Every structure is written in C-alpha cells, then in structure tokens.
Amino acid sequence: MAGPRRLAQEDGWGLGASLVLAFVLLAMAVGALLTTRNSVQSRVMERSLDLQEVGQLGRAFSDKVSLANSALLAGGQSLVQDTARARQRFLDTEQRLRERLTAAEDQALLEEVGEAEQVHDTALRALLDTPTPREQKLARERLARAHGRVREAQARLERKVLARLARENHAALLTDRWETALLLVASLLGLGLAATLAWVLHRRLHPLKREAAASAHRFQALVEGVRDYALVLLDARGRVASWNPGAERIKGWSEAEILGRPSLVFYTSEDAAAGKPERELSRALQDGRLRTEGWRLRKDGSRFWAEVSITALRDEDGRPQGFSVVTRDITEQRRNERMQELLAEAGRVFHQSPDPDLTAAEVARLLVPEVADGCILYLLTPAGELRPRAVTHVQPEREASLWESLRRFPPRAGMPPVVWEVMRTGRSQLDVEVEPQDVEASAETDEHLVLIERVAIGSSMVVPLRAGSQTLGAFVLMTARGHRRFTHADQVLVEELAGRAALALENTRLLREAREAVDLIAVTAHDLGNPLHALQLLLSKVQRAQAAGRHEDVRQGLVAARGQAQRLGQLLHNLLDLSRLSSGKRVLDAAPVDLGELAREVVERFAEAAAQAGCDLKLEVEPGQVGQWDRIRLDRVVTNLLSNALKFGRGHPVTVSVSALDVEHTRLRVRDEGVGIAPEAQRRVFERFERERSRKAEAEAGYGLGLYIARQLVEAHGGVIHLDSVPGRGATFTVDLPRIPRPVEETSVAESPPLQQ
C-alpha cells in the first residue's frame with residue numbers, strides 16, 4: 001500500500017504543473033471574450049429592465065382604470081381613495097423610467113404619457129362633478145380621448161424600447177458566435193490535454209484504484225454483516241445517505257424507501273415537534289460525538305427504546321460533511337430495568353398505604369405512562385358488580401372521556417364482555433391491535449361509541465387481580481392508536497404487579513377487619529353494659545315499687561325495662577348480622593314479600609317508641625309492592641332506618657313511605673325532620689361505627705352499625721341506598737330495590753366473592 005502512495009505523490013507535482021499551464025492558457029483565451037460578453041449582456045439586461053418598467057407603467061394605468069370603473073359603478077363616492085394607490089404606482093414607475101431613459105426622444109415620450117395621464121385623471125374627477133346627463137356624456141368623451149392618448153403614448157414608448165432591446169440582442173448573438181468558436185478551439189485543446197492526463201492517471205494511479213476498491217469492498221462487507229446495529233450515514237442537512245441491513249432489520253425501512261429522507265422520521269411526533277433531532281445533530285457537530293437514549297420510531301409506527309451514538313464527519317479543512325449514526329435497540333433491556341423499578345415502587349406503595357382503594361389507585365397511576373397510556377381499575381362489589389375505582393390517562397381530555405363513558409354507561413354483566421371473561425377465568429387477555437369492529441361491539445349505543453372513539457384505543461390488555469382463589473377486580477390497560485403496542489413482556493409485568501396489588505388489597509382488608517374486630521369488642525362491651533346496667537336498675541326499682549304497693553310505678557318501670565330489652569335485642573341482631581356479613585357465607589332467602597305490609601308491621605312495632613319520642617309517625621303505602629326479597633333482612637333494614645329516624649328526629653314528624661319507582665323497582669323512604677347531617681359527614685354514615693348526627697343527639701348515639709348493616713343488606717338485594725339531608729331540616733333515607741334481585745352471595749364491603757374456575 002505504501003508503494004502506490006509514494007508513486008502518486010511523485011507524479012502529483014508534474015500533473016499539477018500541467019493543469020496550471022492548461023488553465024492559464026484557457027483563461028487568457030476566454031478572458032477577453034468574457035469581458036465583451038459581460039458588457040453586451042449588461043446592456044441587454046438594462047434594456048430588458050426598461051421594457052419591464054414600461055410594461056409596469058401600462059399595468060398600473062390599467063389597474064387605475066379598472067378601479068375607477070368599479071368605483072363609478074358603486075356611485076363614485078370612493079373614487080379618489082380607490083384609485084389613489086394605482087395612480088401613485090403609475091407615477092412612481094414614470095419617475096423610475098425618467099431616471100433610466102435619458103435620451104431626449106425617450107424623455108419626450110415619457111412627458112407625453114405623463115401629460116395624457118394627468119388629463120385622464122382630471123377628466124375622471126370632473127365626471128363626478130357633472131350634474132346633467134349631457135355634461136356627463138361630454139365628460140365621458142373627454143375621458144375616453146384621454147385614455148386613448150395614454151395608451152397610444154405608452155405603446156410608442158414600448159415600441160421604442162423594444163427596438164433598442166432587439167439591437168442589443170443582435171449584438172449579443174454575434175458575441176455568442178465568437179464565444180462558441182473560441183470555446184470550440186479551447187475544447188479541442190482541453191480534449192488533448194485530458195487524453196494525456198487520462199493516460200498518465202491510468203498508468204500511475206491504477207494501483208491506488210484497485211486498493212481503494214478492495215478497501216471499499218471490505219468495508220461494505222463489514223457494514224452489511226452487522227445486523228444488531230443500525231449503521232446510518234447522514235449528509236450535512238441530516239438526510240439519509242447510507243443504510244445498512246441492520247438498520248432495515250431494526251427500523252423496517254428498505255434502503256430504497258429511506259434514502260434522501262430526513263432523520264426526523266425516526267423520532268416520535270412529540271420529540272420532532274420539540275426540535276430534538278436538530279438539537280442532537282447540533283450537539284454532535286459542536287462536541288464531535290453525542291451518545292444518547294430515547295424513543296425511536298419504526299416504519300410501522302411502533303416505538304423502541306434506542307441507544308444512539310452520533311458522530312460528526314468533517315473534511316481535511318474541518319468543514320462538516322455529514323454524520324454517522326449507530327443505533328441499537330435496547331427496549332428489552334430497559335423494560336427489564338423499568339420492571340424492577342416499578343416492582344420496587346409498587347412494593348413501597350403497598351407497604352405505606354393502609355387503604356385498599358388508595359393502594360389500587362396508586363398502582364394504576366404507576367402503570368401510566370410507563371407501561372400504558374391509560375388505565376381503568378375495576379373492583380368487584382359485594383353485589384357482584386364491577387365498579388371503576390381509578391381511571392387515569394396521559395391526556396386529560398381522554399381521561400375525561402373515560403370517566404364520562406363509565407358514568408353514563410356503567411359496566412354490567414357481559415359489558416364489556418372481555419372484562420367479565422377475565423373475571424370468570426382469572427386469566428389475562430392481550431389484544432395487540434384493537435380493530436374498529438371490536439370497538440363497535442363493546443359500545444352499547446352510538447353515544448357510547450363516540451366516547452370510546454375519543455380515547456383512540458390502539459392496543460389493550462385486561463389483567464385480573466387475584467388473591468388465592470379469589471378475583472378481586474381487573475386492570476384494563478390501553479395505548480393510544482399509533483403510539484405503541486403491548487407485548488407479552490408488558491403482560492408479564494402487569495400480571496406481577498396485579499398479583500402484588502391483589503395480595504396487598506387482601507392484606508389491608510384483613511388488617512382492617514382485625515382492627516374493626518378490636519373496635520367491635522370495645523363498642524360491644526360498652527354498649528351492652530349500658531342497657532344491662534339500666535335494666536338492672538329498673539328491675540330493682542320495680543321490685544321496690546311492688547313491695548310498697550305502687551302499681552303505677554311498677555307499670556312504668558316495666559315499660560322502661562321493655563325498652564331497654566328491645567335496645568339490647570336490636571344490638572344483638574345487629575351484631576349477628578355483622579358477623580354474618582363478615583363471614584361471607586350467607587345467601588338471601590328470597591320469597592314473595594309485600595314491602596308495604598312489612599313496613600306497616602315495623603311501624604306498628606315502633607308505635608309506642610314513637611309516642612315516647614314525641615314523634616308523629618306516619619305511614620304512606622302504595623298497594624301491590626311485592627317482590628322476591630328476604631323478609632327477615634328487609635325487616636332489619638326498615639327497623640334500623642326507622643330506629644335511626646326516631647332517635648335523631650325526636651319531637652318531630654317521621655314518615656315511612658313505600659311506592660313504585662318503575663315497573664321493576666320499588667322505593668322505600670324514611671324521612672325525619674330532626675337535626676340532619678352535615679354535608680361532609682353524609683358520605684361516611686354508611687360505614688362501620690360512624691355516628692355523625694348533631695351534638696344535640698349525642699345522648700341518643702347508637703353503635704354506628706345500623707346504617708352500615710342496612711347498606712350491606714340493600715346491596716345484597718341488588719339495590720341502592722342513599723341519603724339526602726340539610727342540617728337542621730332533617731334527613732331522608734331512600735332505598736331502591738329491584739323486585740327480582742339477582743341471586744348473589746352476601747359479603748362484607750372489603751371482601752369479594754370467589755369466582756368459579
């Protein structure tokens with residue numbers, strides 16, 4: 001390799017001297033001709049500009065005439081304003097021509113054009129001041145004559161300039177002929193010199209050519225053999241100039257498809273809009289080399305995490321020539337790293353958050369945007385229904401569409417079918433590419449379809465939350481259309497997170513139940529002790545009154561003792577219902593029940609207690625409210641609600657009503673006009689051990705179990721219970737029951753029923 005290079009260096013001086021001599025002779029032969037040619041071309045250019053200005057003069061006058069005609073048709077009020085700009089352009093062009101055309105005859109023609117235009121403008125203005133038709137006719141004739149004079153003078157000027165341009169073109173043609181002849185002679189001389197140089201180059205530089213070809217062949221084989229790296233050459237403008245098979249395998253484009261295209265096609269739309277491609281090339285040009293990581297796009301629109309090295313290429317003088325870009329797909333490596341980070345973060349959340357709902361919602365937020373663009377967390381209610389507990393999306397407007405869809409079209413059994421199938425089988429499902437027909441099949445109505453399409457789901461995945469043999473809920477994950485697609489690695493990661501989340505939910509439920517059991521023991525010991533002590537005192541009083549012969553005191557004592565015994569019985573019933581709800585083993589004993597008759601029995605049972613509380617107890621029943629219900633459990637619901645109303649509505653009317661809500665539902669309503677419930681406490685009154693009434697009723701405070709048990713029993717029937725209250729104006733508890741409830745197993749709110757495998 002050293003021999004040919006030394007030979008080339010020795011021959012370089014001789015070749016350089018020959019080329020210099022040839023160029024000197026050629027420059028002397030052509031120099032004079034180029035000088036003459038430039039002079040002629042300059043004159044031709046000047047005459048062309050003269051002709052252009054004359055044409056501009058005519059167009060300015062034509063614009064003025066057109067605008068004047070339009071203004072006259074409109075009444076003429078804005079004639080001066082409409083034509084002012086066109087006339088000023090005419091005058092400016094005339095002034096430029098006076099400076100360019102210095103010959104006397106040209107100046108005379110320009111003077112004639114200017115005078116004719118002035119006459120035309122004067123006639124145009126006079127046309128507005130003519131009051132009679134005859135005067136208007138004369139003014140129009142003067143205007144037409146002035147218009148003709150302007151056109152005629154401008155045409156003579158144009159012919160004059162055009163003739164002068166023709167003479168200059170003829171002179172240029174003669175110069176071109178001489179130039180052609182001289183160039184022909186120079187070409188023959190150059191051809192002889194080129195033949196001599198070609199012979200020398202062939203003899204002296206052919207070894208270098210063979211060496212360069214061999215080197216290029218070896219480099220090409222090396223580049224094409226690399227398939228794990230994308231090797232790309234960019235020109236100085238950042239366009240693809242070279243493309244190896246590794247780049248085609250990683251990014252998807254063939255060489256024919258990608259050559260000449262800008263490098264920004266490899267970046268995501270967000271990065272391209274932010275100017276990231278230009279910044280990275282600029283940094284590589286400044287620092288010489290840049291190493292970076294980030295999302296890149298394939299031809300099919302999918303994303304991959306890339307490790308990129310960009311090197312600036314320069315020539316011997318340091319001028320930029322382009323860039324070499326080496327790209328490696330490290331998506332799996334980064335996914336493994338992020339999997340470990342997410343699992344560690346999830347473990348921290350599980351250990352720090354004692355609330356099951358907050359734990360699950362936090363896991364949903366961890367998955368977005370690291371794994372998915374959107375996430376819905378469904379949890380199973382004691383009534384066997386799926387309720388969304390957390391909804392999140394990277395785009396707020398799409399998150400709002402998800403909430404709106406779930407609010408207006410809540411999930412029912414079989415809707416969406418994929419979620420219920422996952423809940424039944426306990427196995428996750430992955431849909432790499434969501435088809436439009438799948439979206440249409442999941443929509444209940446056209447409005448529902450519009451809300452779903454706003455989310456633009458491209459890929460979806462449903463993963464169950466399983467703890468042992470129980471399925472507590474499901475994660476529904478989605479990516480935006482055209483963004484990225486879920487992989488089996490994503491599925492494995494989410495299944496691991498879902499398993500840990502389900503275990504955390506179960507652990508927090510058990511912990512909460514253990515704490516509530518301790519609270520229950522304390523409350524039970526306290527609340528059982530009070531009526532027992534009162535009952536003992538009353539019985540002692542009755543015994544003394546009987547010994548003294550005071551029969552009225554005996555009767556009153558027995559009535560009070562009976563009230564304390566009823567209070568003890570109600571507490572024992574509530575504790576029994578609470579234990580059954582917590583066990584999760586009780587099934588409703590449904591049979592035809594007339595809710596109106598049941599309410600009448602409970603009201604009659606509380607008649608004496610209402611009288612003692614000073615409450616006017618009213619019953620309003622719509623006949624025929626019969627449904628398939630558990631009579632004992634509904635008796636407990638009405639009893640707890642009425643007992644609560646009498647307790648906190650003391651001294652005010654209490655109304656119990658039963659009516660039809662629609663053909664499939666019956667409504668029970670218990671209203672008191674007592675102290676009411678504060679707005680911030682209304683959402684907590686249905687929880688265990690919550691006692692949220694006014695301080696005025698603290699002496700009558702119960703055990704905090706009645707409303708909780710009522711809600712559990714209502715939901716076990718497939719119904720709903722809600723509260724309306726204004727502080728100081730009483731409270732209304734409303735129960736809506738389906739007449740044919742779905743047969744579901746009752747459980748506590750913290751526990752979900754096991755699904756059949």
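What you see is a predicted model; the values in this text were computed from it and never measured.
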Taking the six-membered ring of Y267 (Phe, Tyr or Trp), confirm whether the NZ or CZ of R296 is under 6.0 Å from its centre and within 45° of its axis.
yes
Taking [Y]'s backbone N and O only, do any of them form a donor-acceptor pair with [X]'s side chain (distance below 3.5 Å, no angle check)?
X	Y	result
S459	F486	yes
T655	L619	no
S401	R454	no
T479	A372	no
W629	D594	no
S643	T639	no

Indicate whether any N or O donor in one side chain lies under 3.5 Å from an N or O acceptor in the other, for R739 and T666.
yes
Step-by-step side-chain contact (heavy atoms from CB on, under 4.5 Å) determination, V654 to L646:
CA-CA 7 Å; V654 174; L646 293 176; 4.0 Å; yes
Please find the pair of heavy atoms, one from [X] and one from [Y], that lie closest to each other, and give the distance.
X	Y	value
E399	V391	OE2-O, 3.5 Å
G730	S725	O-OG, 2.9 Å
V368	C375	CG2-CB, 3.8 Å
S460	V434	OG-CG2, 3.7 Å
T471	G426	OG1-CA, 4.4 Å
G473	M423	O-SD, 3.4 Å

Greater than 12 external heavy atoms within 6.0 Å of [X]'s [atom1]:
X	atom1	result
E447	CD	no
D446	CG	no
R408	CZ	yes
R298	CZ	yes

Test side chain to side chain contact (heavy atoms under 4.5 Å, CB included) applied to L707 and L723, L641, N640, I721, the passing residue
L641
Among residues at least two apart in sequence or on other chains, which ones pass ring pair (Phe, Tyr, Trp, His ring centres under 6.0 Å) with W403?
none
Within this structure, what is the [atom1]-[atom2] distance for the pair [X] and [Y], rounded to the nearest 0.5 Å?
X	Y	atom1	atom2	result
F733	L668	CZ	CG	11.5 Å
I376	L406	CD1	CG	5.0 Å
Q712	R636	CD	CZ	15.0 Å
R671	S657	CZ	OG	10.5 Å
I677	D724	CD1	CG	10.5 Å
Q429	M461	CD	CE	12.0 Å

side-chain contact (heavy atoms from CB on, under 4.5 Å) evaluation trace for V714 with L737
CA-CA 7 Å; V714 168; L737 293 169; 4.2 Å; yes
Going by heavy atoms in the side chains, are [X] and [Y] under 4.5 Å from each other?
X	Y	answer
L297	T268	yes
E293	W305	yes
H717	V637	no
Q628	P592	yes
L430	D490	no
H448	T445	yes
D373	H393	yes
V439	I457	no

State plainly whether the residues R605 and E601 are in salt-bridge range, i.e. N to O under 4.0 Å.
no
side-chain contact (heavy atoms from CB on, under 4.5 Å) evaluation trace for L377 with L465:
CA-CA 10 Å; L377 170 62; L465 278 75; 4.1 Å; yes
